[in-house]
Amino acid sequence: MALPTYASPLERAWHYAYLVICVAIFIFLISPILIVIPLSFNTEPYFSFSWKMLEPGGLGGRWYDELLTYGMQAPEAPRDGSWFGDMWRNAAWVKAAKNSVWIGLWATVFATVLGTLAALGLSRPEMPYRRVIMAVLISPMIVPIIIIATGLFFFYSNPCGVVGLSCGRLTSTYLGVILAHTALGIPFVIITVTATLSGFDQSLIRAAASLGANPRTTFFKVIMPLILPGVISGALFAFVTSFDEVVAVLFLAGPDQQTIPRQMWNGIREQISPAILAVATILVVISIGLLATVELLRRRSDRLRGVTGR
Amino acid sequence: MTDLAANALLTTADGRPLKSALAAAQVRAKRRAFLLVLPLLLFVLLTFVVPIGQMLHRSVYHDGFSANAPAVSAWLAAHPAGTAPDEAAYAALAEDFKAMKAAKTAGEAGTRVNYTLPESRSLFTKTARVADDLAPPYREALLAVDAKWGDPLVWEAMRSASSAYTSDFYLSGLDMERTADGGIERVPPKERIYVYLYLKTFALSALITFICLLLAFPVAHLLATLPMAKANLLMILVLLPFWTSLLVRTTSWMVLLQGQGVVNNTLVALGLIKDESRLSMMYNQTGTIIVMVHILLPFMILPLYSVMRVIPPSYARAARSLGATSWTTFRRIYLPQTLPGIGAGALLVFILAVGYYITPALVGGADGQLFSNLIQFHMTKSNWSMAAALSAMLLLGVLLLYWLYDRLVGIDKLKLG
């Protein structure tokens, strides 16, 4: 992006102004994410920087500690085995984290398995009605979440009502939340896996078959290793979608299925405590890790397919 | 020649004509591809399409009145609109009230009539309380309970509630109401909220899309023209917000923008604004716009970037060497080539913005709410049919945009990161 030598002074001025604008936009993008990290170590219950933070005791893990103790039966007890047992069973944020991981993992497994199979079918040239089916499968990402949650709320109150039967309800169950999150994660798996498959050489399948491999061997020895990076990044997207989802949980989950976003929602709407900033910091660190993983996978996938650069 | 062609019909090794063998293989391949997609398709149909279809049904179906007041529903069905209720009608009404009191369903029936004619639910609960004392002549007895039973508007409301299938919820959603003679008119100006908010949601989304485009264009251009190693490094600044929890980003903005927040404190400390005139950038429309632009910006940058990356720089250089100024080069050569990216990004951001719920709910305050928040409001009030009708209206808008996206961009072009 070097400036050509024939640039006029006005163009030069504009070029530097343009760079300044770009830097400002990057600051706009990144500063809200980084700002919570130092603030979460502020021991005072304020949401702003103050000189007190620089004094001794001004910085500390007070709010991280509160994440562990909030909701415990005996938070003041000495921190021994029983304290940790109490924390693991009763602390509200720990419970929410367990729920988030549990729901997220199952939703990821369902979405990845179903989505990868479907992507394999969708990227075959013979696939009939591809456009319509693709549109239906991507729609959970497009349809506003509030509409999905409203629809599921009615549906879950009597799932067998469609066929005129009655078989209990799915609201306030883990299964209900997992199924909803699976549907929300599917578009991401489809998009990433079909993108990987678009660079997949279909003649490799024929080559494997002509060398005597049965379809199963072909799938596990030829197709799977090549599309694995795409599948894993699709799975990560599905997991993050579930891990970050709050509206479906608000509508469909009961008190037992509170997740981290649900707990944050409570915290933001009711008593906004700096503990929220501690959670936010932890989530930012997690998302940095996920981003790094996805980037590494993308590069590996590009290398395997012989694409250099982007 | 024809003889030869007929004799030399190509066959497979086992003697079948090649044409039919190929056709059969094609059908098999089609079936195999379809079977791979089938499990997911069934899953999405069952957990996504069917629930939404059911909800759409609910937006035109409500049997709260027709099921609980069968006698008066039958009388209304037998007499055309505008018929003044006779003694038989009042007798049917009294009979229904006695049944409803026993079954404790007067509230349900009243709720349904209430949708068509506000403030009539109390009339039902009040009448049901004294239903056992009603005695012939029923007209006088009911009018003695409440003179409203003689009001033609109440009877017209019951008429429209007496059929389980109704367009009343959509009428309300379009800010319309029924008149006493069965016609339709717009509600008084100060009660017109839904159409206004619908249009406002689309207008705000358009504004947010436009701001996103303005911010995304220079950044995407910079990323597309920098050397790969630097661009990949800067790309992290775009992708990190993309991967960060929505609630985290919203929380951070609350911390930054609220009255005692980082931005205001900094401005006060620098002496740029006075302590008593702190900017209010949170819990209002401004807050909604700022935060939504931040959240949706990556969705604009990524498609723009992927289009700009493959624009050959030689075209711009050729234009310059042919004497075009840098502005002309940009306007006539560069900008038209980025149009596919602009279209893809803008449509995606617009679609996502129209359905936004979380951010307006958390930072929108009173005037920053969008249509989704209205749906949620009706859900919490248990006005389920109303919420369903509003959802259908929003869904219609989104599906139209989705169809447009598919036509102009193609769903298979959708990429993430």
Side-chain angles (χ1 to χ4, degrees), chain A residues 1 11 18 21-22 25-26 29-30 32-33 35-36 39 47-49 114-115 117-118 120-122 124 126-128 133-138 140 142-147 150-152 154-155 162 179 183 188 191-192 195 237 240 244 246-247 261 264 268 276 280 283-284 287 290-291 294 309, chain B residues 29-30 33-34 36-37 39-41 43-44 47-48 50-52 54-55 58 215 218-219 222 225-226 228 237-241 243-249 251-253 255-256 260-262 265 297 326 351 355 357-358 362 372 375-376 379 387 391 394-395 398 402 406 411-412 414-416:
Chain A
M1 181 67 230
E11 279 171 22
Y18 160 78
I21 292 172
C22 283
I25 297 171
F26 279 123
L29 270 170
I30 207 74
I33 289 160
I35 204 91
V36 292
L39 283 178
F47 293 98
S48 192
F49 293 101
L114 290 174
L117 278 182
L120 285 170
L122 282 171
R124 291 200 177 179
E126 308 89 19
M127 181 64 202
I133 290 176
M134 190 94 171
V136 172
L137 297 182
I138 302 290
I142 297 296
V143 173
I145 179 70
I146 196 90
I147 296 181
T150 305
L152 285 176
F154 297 139
F155 180 68
V162 191
L179 290 182
F188 296 97
I191 290 170
T192 45
F237 265 110
V240 165
D244 192 22
V246 64
V247 183
M264 281 187 86
I268 297 170
I276 298 284
L283 291 183
V284 167
S287 54
L290 288 173
L291 172 63
V294 172
Chain B
K30 261 190 188 175
F34 190 72
L36 281 172
V37 182
L40 182 63
L41 192 62
F43 180 84
V44 169
T47 62
F48 183 76
V50 167
I52 288 180
Q54 232 183 3
M55 181 198 72
R58 196 178 277 265
L215 296 183
V219 167
L222 183 75
T225 45
L226 278 179
M228 197 56 71
L237 300 184
V238 178
L239 289 175
L240 186 57
W243 277 92
T244 304
S245 160
L246 202 111
L247 283 169
V248 168
R249 285 185 276 171
T251 314
S252 317
W253 277 109
V255 169
L256 277 170
Q260 299 294 324
V262 176
N265 277 359
L297 194 50
S326 51
I351 291 175
Y357 166 72
I358 296 170
L362 287 177
S372 286
I375 296 173
Q376 190 268 345
M379 283 300 285
S391 297
L394 184 60
L395 189 63
V398 169
Y402 187 37
D406 189 30
I411 294 159
D412 41 351
L414 208 59
K415 277 205 196 93
L416 303 161

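In this text the structure is predicted, and so the values were computed from the model without any measurement. Each chain gets a letter, A, B and so on, in the order its sequence line appears, and its residues count up from 1. When reading the values below, keep in mind they use all heavy atoms of this one structure, side chains included, and skip hydrogens, waters and symmetry mates.
For B:N265, the part sitting under 4.5 Å from any heavy atom of chain A is the side chain, from C-beta outward, and nothing else. The contact between A:L117 and chain B is made by backbone and side chain atoms together, counting heavy-atom distances below 4.5 Å. Interface residue A:M127: backbone and side-chain heavy atoms are both found under 4.5 Å from chain B. Only the side chain of A:V36 comes within contact range of chain B, with at least one heavy atom under 4.5 Å from a heavy atom of that chain. Only the side chain of B:Q54 comes within contact range of chain A, with at least one heavy atom under 4.5 Å from a heavy atom of that chain.
Here the CD1 atom belonging to A:I142 is positioned 11.5 Å from the CG atom belonging to B:L395, to the nearest 0.5 angstrom. One distance of note links CD1 of A:I147 with OG of B:S391; it measures 5.0 Å at 0.5 Å rounding. Distance OH/B:Y357 to CD1/A:I146: 5.0 Å, rounded to 0.5 Å. Rounded to the nearest 0.5 Å, atoms CD1 (A:I30) and CG (B:L237) are 5.0 Å apart.
Between B:L240 and A:S287, the closest side-chain pair of non-hydrogen atoms falls below 4.5 Å. Between B:Q376 and A:V247, every side-chain heavy-atom pair lies at or beyond the 4.5 Å cut-off.
Between chain B and the options A:L39, A:I133, A:L120, the largest number of non-hydrogen pairs under 4.5 Å is found for A:I133. No other option in B:L362, B:V238, B:L394, B:V44 has as many heavy-atom pairs under 4.5 Å with chain A as B:L362. Comparing A:L290, A:V284, A:V143, A:I145 by how many heavy-atom pairs each has under 4.5 Å with chain B, the most go to A:V143. Ranked by heavy-atom pairs under 4.5 Å with chain A, the list B:P39, B:P51, B:G355 is led by B:P51. Put simply, of B:G261, B:S245, B:A387, the one with the most heavy-atom pairs under 4.5 Å next to chain A is B:S245. With chain B as partner, the option from A:V240, A:L283, A:L179, A:L137 having the largest number of non-hydrogen pairs under 4.5 angstrom is A:L137.
Heavy atoms only, all atoms of each residue included: B:I358 and A:V246 are closest at CD1-CG1, 3.2 Å. The minimum heavy-atom distance linking A:G115 with B:L40 is given by the pair CA-CD2, 4.0 Å. B:T47 and A:A183 get closest at one heavy-atom pair: OG1-CB, 4.0 Å. Nearest heavy-atom pair across B:Y402 and A:M134 is OH-O, 4.4 Å. Across all their heavy atoms, B:T244 and A:D244 have their closest contact at O-OD2, 4.5 Å. When every heavy atom of A:Y18 is checked against every heavy atom of B:L222, the shortest pair comes out as OH-N, 3.1 Å.
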For this session: With side chain to side chain contact (heavy atoms under 4.5 Å, CB included) as the test, would you mind laying out the steps for A:I25 and B:L297 before giving the verdict?
Result: CA-CA 10 Å; A:I25 297 171; B:L297 194 50; 4.2 Å; yes
For this session: Show the numbers, then the answer: is there a side chain to side chain contact (heavy atoms under 4.5 Å, CB included) between A:F154 and B:M379?
Result: CA-CA 11 Å; A:F154 297 139; B:M379 283 300 285; 4.1 Å; yes
Exercise. Stepwise, does the side chain to side chain contact (heavy atoms under 4.5 Å, CB included) test hold for B:F48 with A:V136?
Worked result: CA-CA 10 Å; B:F48 183 76; A:V136 172; 5.9 Å; no
